[in-house]
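Report on the structure given below.
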Amino acid sequence: QVQLVESGGGLVQPGGSLRLSCAASGFTLDYYAIGWFRQAPGKEREGVSCISSSDGSTYYADSVKGRFTISRDNAKNTVYLQMNSLKPEDTAVYYCARAYHDCSDYDLFGSWGQGTQVTVSS
């Protein structure tokens, strides 16, 4: 069964850091891009970052460039999102999802996980 499970969220002060994990089962990351998305209260879900399987290219939303870093460990079948210099506006439920091979269209992502809550507050 295809499954993605997010973990690593929590409460952190502004300027702090968190590392989110997206653990894949039922498939390997060799042929899939993994994207991170988030949804804050009262807002629509937005794309945050993505890493492709074909060439390892990475992509970031303008709002997180320079602060977040996406990476993958195919041996562990896990994708990570390192979040530094966190801001209150980063508060959201963070989800991961997959698409075949690359990150060309966020609308093509599916197999969503349940999400992990990130709260940035003093």
Side-chain angles (χ1 to χ4, degrees):
Q1 182 176 347
V2 172
Q3 188 174 32
L4 294 171
V5 179
E6 303 92 339
S7 63
L11 175 64
V12 65
Q13 294 183 344
S17 298
L18 286 172
R19 189 188 193 191
L20 305 184
S21 297
C22 175
S25 60
F27 71 102
T28 68
L29 297 178
D30 295 14
Y31 305 106
Y32 291 90
I34 299 295
W36 283 99
F37 303 78
R38 66 187 182 187
Q39 187 167 24
K43 296 184 178 180
E44 295 184 351
R45 180 178 290 170
E46 63 175 336
V48 176
S49 185
C50 185
I51 185 166
S52 70
S53 66
S54 55
D55 61 2
S57 297
T58 58
Y59 305 88
Y60 300 93
D62 288 343
S63 59
V64 306
K65 284 182 179 178
R67 300 188 297 119
F68 291 10
T69 303
I70 191 170
S71 62
R72 69 183 177 191
D73 186 337
N74 285 9
K76 296 181 178 179
N77 240 30
T78 300
V79 172
Y80 304 96
L81 185 67
Q82 179 67 46
M83 307 186 297
N84 298 327
S85 302
L86 283 163
K87 304 175 180 180
E89 51 263 45
D90 295 317
T91 296
V93 178
Y94 284 70
Y95 302 87
C96 60
R98 71 172 191 172
Y100 192 61
H101 274 313
D102 63 59
C103 306
S104 60
D105 189 350
Y106 277 11
D107 290 339
L108 299 179
F109 283 81
S111 300
W112 299 89
Q114 294 300 306
T116 185
Q117 176 71 50
V118 172
T119 302
V120 184
S121 176
S122 59

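In this chain, numbering begins with 1 at the start of the sequence shown. Everything quoted here is computed from the prediction, not taken from an experiment.
- Checking each of F27, Y31, Y32 against Y100 for a ring-ring contact (aromatic ring centres under 6.0 Å, His included) leaves exactly one that passes, namely Y32.
- Distance check: C22 SG to R98 CZ gives 11.0 Å after rounding to the nearest 0.5 Å.
- Taking 4.5 Å as the limit, some side-chain heavy atom of L20 sits within range of a side-chain heavy atom of M83.
- Legend: residues meeting salt bridge (Lys or Arg N to Asp or Glu O under 4.0 Å) with R45, ordered by chain and number and at least two apart, are absent.
- Of all heavy-atom pairs spanning E6 and G115, the tightest one is OE1-N, 2.8 Å.
- Residue pairs meeting the side chain to side chain donor-acceptor pair (under 3.5 Å) criterion with at least one partner in residues 66-77, sequence neighbours excluded, are R67-D90.
- Considering every non-hydrogen atom in both S17 and S85, the closest pair reads OG-N, 4.3 Å.
- Using modelled atom types, one side-chain atom of S53 and one backbone atom of H101 make a donor-acceptor pair closer than 3.5 Å.
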Y60 and I70: CA distance, side-chain angles, deciding distance, side-chain contact (heavy atoms from CB on, under 4.5 Å) verdict: CA-CA 9 Å; Y60 300 93; I70 191 170; 3.5 Å; yes

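- Here the side chains of Q117 and T91 are in contact, with some heavy-atom distance below 4.5 Å.
- Of all heavy-atom pairs between T116 and G9, the closest is OG1-N, 3.1 Å.
- With hydrophobic clusters built from ILVMFWY side chains whose heavy atoms lie under 4.5 angstrom apart, V48 shares a cluster with V12.
- Counting non-hydrogen atoms of other residues, nucleotides and ligands closer than 6.0 Å to CD of Q114 gives a total of 12 or fewer.
- Linking Ile, Leu, Val, Met, Phe, Trp and Tyr whenever their side-chain heavy atoms come within less than 4.5 Å puts I34 and V2 in one cluster.
- Criterion: ILVMFWY side-chain heavy atoms under 4.5 Å apart, direct or through other members. Under it, Y94 and L18 are part of a common hydrophobic cluster.
- Side-chain heavy atoms closer than 4.5 Å link hydrophobic residues (I, L, V, M, F, W, Y) into clusters, and following such links, even through other members, never connects Y80 to W36.
- Residues V118 and R38 fail the side-chain proximity criterion, which asks for heavy atoms closer than 4.5 Å.
- The nearest pair of heavy atoms linking A61 to G47 is CB-O, 3.5 Å.
- Looking at every heavy atom in both residues, T78 comes nearest to S21 through CG2-CB, 4.2 Å.
- Taking every heavy atom of both residues into account, A33 and S52 meet most closely at CB-CA, 3.9 Å.
- In this structure, V93 shares a hydrophobic cluster with F37, Y59, Y95, Y106, F109, W112, the cluster being traced through Ile, Leu, Val, Met, Phe, Trp and Tyr side chains under 4.5 angstrom apart.
- A 4.5 Å side-chain heavy-atom check between V79 and C96 finds every atom pair outside the cut-off.
- L11 is listed as a side-chain neighbour of S121, based on a closest heavy-atom distance under 4.5 Å.
- The distance from the CG atom of L81 to the SG atom of C50 is 11.5 Å, given to the nearest 0.5 Å.
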